[in-house]
Amino acid sequence: MSPASVFVCLSLTLLSDYPVIRVKPDNSGVVTDGVKHSMNPFCEIAVEEAVKLKEKKFIKEVVAVSCGPTQVTETIRTALAMGCDRGIHVEVSGKDYEAMGPLQIAKIFAALAKKEEASLVILGKQAIDDDCNQTGQMTAALLDWPQGTFASEVTIDGEKVKVVREIDGGLETIKISMPAVLTADLRLNTPRYATLPNIMKAKKKKIANMKPADLGVDMVSRVEVLRVDEPPTRLAGVKVETVDDLVAKLKANGTI
Amino acid sequence: MNGGWERVIPAFRSVCGEDGVSLGAAVREQHGRDESVHRCRPPDVVVWPRSVEEVSALAKICHHHHLPIIPFGTGTGLEGGVGALKGGVCFSLRNMDRVLDLHQEDFDVSVEPGVTRKGLNSYLRDTGLWFPVDPGADASLCGMAATSASGTNAVRYGTMRENVLNLEVVLADGSIIHTAGRGRRKTSAGYNLTNLFVGSEGTLGVITKTTLRLYGVPEAMVSAVCTFPSVQAAVDSTVQVLQTGVPIARIEFLDDVMIDACNSFNSLSYPVAPTLFLEFHGTEKSLEEQVTVTEEITQANGGSDFSWARDAETRGRLWKARHDAWYAALALRPGCKAYSTDVCVPLSRLPQIIVETKEDLMLNGLTGPIAGHVGDGNFHCIMVMDPNDQDEVIRVHEFTERLARRALALDGTCTGEHGVGLGKRALLREEMGPLAIEVMQGLKATLDPKNLMNPGKVL
């Protein structure tokens, strides 16, 4: 019996190649106004995997989900253009959006997965702007579902999923039962480009709209960001003429 | 100039800021070389303008003090175009790196010189559009305009000449012009200034913005490899495929020496014989048709069965052999350097010139595996040589001259896509003839009477 629906949960992040991200003058965060945003690269890989599974007929439907302000619907449209069937936009904006972290997002995804009876939830392993690497794991915990994180290979085998995971020592292969949560690592696949005809078709696909309150999720955060600083500017090096000079200088600044 | 630097450097700093000017030796050396075999010729100073207004202000200072101006993009050129032969000021444009004015429905975008080809395509990811001109390196798009770059996709999508719609250029005296006015569409208004500056290699002005034609990302791509019993068979197939009107996207030729090198380098096992790497772009249905027609042609010419690749990962592996050609050639003789020739001839003359060139290589004991964009009649001999073996260096040089003259005799050109730069000026004269060269010199004298713009290149 092939699983009914797979949820791909997307994050909108600052574009990775874009030059210099700046810290706000009041050190409360980074400047996001006017900086190009795009789908998180690991989420692209997650979308690609879900669409591939559907093309291989392992699953029937792929739903793209994301939380955030209106801008996020563009990201969902890109996922639809890559082959997802429908989208869900959970609206979070203003102060709630600034305070939104992995726990709030995980609560939302967990509530949705339960409500829509998803068989698989696939996320990118982490967002490249905050590098938290927590949302997938928290979602699995809230749902009490098994998790296959840092996936570099995913195979569906009846009611179970075989996941090859990238770990520090090499690769670990696990078998977990569905419903399950997976997070996509870099080598899982190479995401397809959204082509113009598909972008146009995607405009006709449905994106449902809802608020966290509709899912019974409260967005209160227990984390307070105190400060954001740029990494310290690299100091110029000092050239020395002899080994003795080098040793003397290293002693003088307390290195040795 | 010697004494006057004390006035000029502070003037530069007041335009670009304290950090925007460098006299450091390492920095100057870095900006005095590209990826060619020409030795490093560092400028006297490197400046980093942040806007077209700053470029103009700097140019005015240089103009006043008779200082040479050398524009620098990514330093990935292959003809020594950035060498500061007479010293001067290198304008490093990498800090001007904005993508401006993307018009999705009009299929055009404008970019500053710091935007590279891969950078732009990454930016365009979500739009379904791309800029297909692919010279291999991740070059600055304005730099590609300056050298009239081309690449593996030219047979389908054209070169920079066909894809630059407008340029913003700062002239030697600091004036800022737009070569197509406000335009970014087809036009018949006035002289074609845009294509005067495309390929001018920094000798007529500094390109500070280019408006490019974009294309829709193909719905599907399929790649294939096919081996042939002879060079003639491979090239005949190419000609016939193009004649039947198949809109093939890439058609790359590798000779047996090149394939052998690629096999060793990448641990592959392609048959060692003249080979074509093919790529088709289109809808699923049109791909089926394109592939069927092409296969009929190649088989009629004695070609082998196709090795296929459809998905991104397999295609990547298939093309890796072609992309690594340069390194595979170098690996044939570790410790050596490589120089790439770049002649281009009409398709009908391609079999003849490749066969004659291979004979020349064998007769003279030279290492020169061949890889080329046969769809355009353009091929590269990657000449691998020991820089310390004076005799070999001379023999390679003489070979390249013979090759260029052979191409000219067959109605071809001495440089299909790399540009003239430093090393092909004499060949340019032979190719153009004295009267055309005089016209070029007249244009140069009009736009840059003091000869400050990248002196010693092209003409």
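Since we're looking at a predicted model, the values are computed, not measured. So that the names make sense, note that chain A is the first sequence line, chain B the second, and so on, each numbered from 1.
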ask   = Tell me, side chain or backbone of B:Thr283 under 4.5 Å from chain A's heavy atoms, or both, or neither?
value = neither
request  = Can you tell which part of A:Thr78 gets under 4.5 Å to a heavy atom of chain B, answering side chain, backbone, both or neither?
outcome  = side chain
ask   = Take atom CD in A:Glu230; do more than 12 heavy atoms of anything else shown fall under 6.0 Å from it?
value = yes
request  = Sort A:Asn198 into side chain, backbone, both or neither according to what part of it lies under 4.5 angstrom from a heavy atom of chain B.
outcome  = neither
query = What part of B:Phe107 gets closer than 4.5 Å to chain A, counting heavy atoms only: side chain, backbone, both or neither?
reply = side chain
query = How far does CG of B:Asp311 sit from OG1 of A:Thr190, to the nearest 0.5 angstrom?
reply = 8.0 Å
request  = Would you mind checking which part of A:Glu44 comes under 4.5 Å of any heavy atom in chain B, side chain (CB onward), backbone (N, CA, C, O), both or neither?
outcome  = side chain
B:Arg125 side chain reached by A:Ser38 side chain, heavy atoms, under 4.5 Å = no
ask   = With a cut-off of 6.0 Å (strictly less than), are more than 12 heavy atoms of other residues, nucleotides or ligands near CE of A:Met210?
value = yes
task = Check each atom of A:Arg77 against the heavy atoms of chain B and say whether the ones under 4.5 Å are side chain, backbone, both or neither.
result = neither
key: Closest non-hydrogen atom pair, A:Tyr193 against B:Val217   = CB-CG1, 3.7 Å
message = Please determine whether the number of non-hydrogen atoms from other residues, nucleotides or ligands lying under 6.0 Å from atom CD of A:Glu172 exceeds 12.
response = yes
remark   = Shortest non-hydrogen pair, A:Leu196 vs B:Leu129, comes out as CD1-CD2, 3.7 Å
key: A:Lys175 NZ: over 12 foreign heavy atoms closer than 6.0 Å   = no
message = Can you confirm whether B:Asp19 is buried at CG, in the sense that more than 12 heavy atoms of other residues, nucleotides or ligands lie under 6.0 Å from that atom?
response = no
ask   = Is atom CD of A:Glu91 surrounded by more than 12 heavy atoms (other residues, nucleotides or ligands) closer than 6.0 Å?
value = yes
